[in-house]
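I have placed the structure first, in the form of structure tokens, so that the comments after it can refer back to it.
Predicted model, so just to flag it, every value in this text is computed and none were measured. Just so it is clear, the values below take in all heavy atoms, side chains as well, and ignore hydrogens, waters and symmetry mates. Ligands are counted one by one from 1 in listed order, and the atoms in each one are counted from 1 as well.
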Amino acid sequence: VGRHQVCITFDLDAVSGWVARGMTTATPVSRGEFAVVGTRRILALLGRRGVPSTWFIPGHTIESFPSLCAEVRDAGHEIAHHGWSHVSPAMLSPGEEVRELDRGCEAIIRLTGRSPLGYRSPAWDLSPRSVELLLERGFIYDSSMMADDYAPYRARRGDQVPVDAPMVFGEETDLIEVPVSWSLDDYPVFEYLRMPNLVLPGLRSASDVLANWLDDFRYLRTRLDWGVITYTFHPSVIGRGHRMLALEHLLETLERDGANFVTVEQVAREAAQRLCIGGGSD
Ligand SMILES: [Zn+2]
């Protein structure tokens, strides 16, 4: 057990992210399909360096790219839930959210033979019901929220956030939140996206972004006794040549500086012990 944990995570949205935005013409679909090329490059890199990782895969991707998802599974990486379609639960009715969760679980069980233990919401938002639904289905962690950076914490249910009165905090649950951040995500910095009401400029220099990513680990390593940093990548984004070089450099430098690479499931289990969840220590 290392003191400075690093979770390398991939959201294998492939075509589902474009479908969820209603962009189903040939070129957006082909941008999603580039995830196949990116995934194979990433699996080769992780395999060469012996780095474990966690892949959040929508059911749509599992059913549209079954052999690619089998390659991820066969390489020994953790596979976790990322919706069935790539629609945020915050946008779904209660019934739709249940159907999405269950359909995504069924796809993962067919792929891996076991129920997923981890969830990451598409587009990083949860409905007021999500935490309860995850607990009911035996999930041990979520990785979609941002109330801490290096410390996993207990997700709450039942927060009340009226616009005209102070917020009322709900009850803490046993669901471990392994927090994320847009600043540790490849999508906003790299992906160029043009939609009717939005232009995401992206296309930042990979070496500038790499410096930020490394400094966030350096802060953890030099200022904190224990913690986890969670990087989020998308194979269709990080899979481009210059970004793959940055990812390679990131993994090399983290390893040299003493990072302990773990899956999100492993870090969630360790965090549960630290937070005295699930019967204490062993
Ligand atoms: Zn996603």
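- Listed by chain and number, the protein atoms of type N/O/S under 2.8 Å from the Zn ion (ligand 1) are Asp13 OD1, Asp13 OD2, His82 NE2, His86 NE2; waters are omitted.
- Proximity of a side-chain donor or acceptor of Tyr141 to a complementary backbone N or O of Val178 within less than 3.5 Å is not detected.
- Under the 4.5 Å side-chain criterion, counting only non-hydrogen atoms from C-beta, Leu101 is in contact with Arg137.
- Both the sub-6.0 Å distance and the 45° axial angle are not jointly satisfied by Arg243 relative to the ring of Phe233.
- Remark: Arg3 is not positioned above the aromatic ring of Trp226, lacking an NZ or CZ atom under 6.0 angstrom from the ring centre and at most 45 degrees off the axis.
- Cys105 is not listed as a side-chain neighbour of Ser115, based on a closest heavy-atom distance of 4.5 Å or more.
- Looking at heavy atoms from C-beta onward, Leu184 lies in side-chain contact with Ile229 at the 4.5 angstrom threshold.
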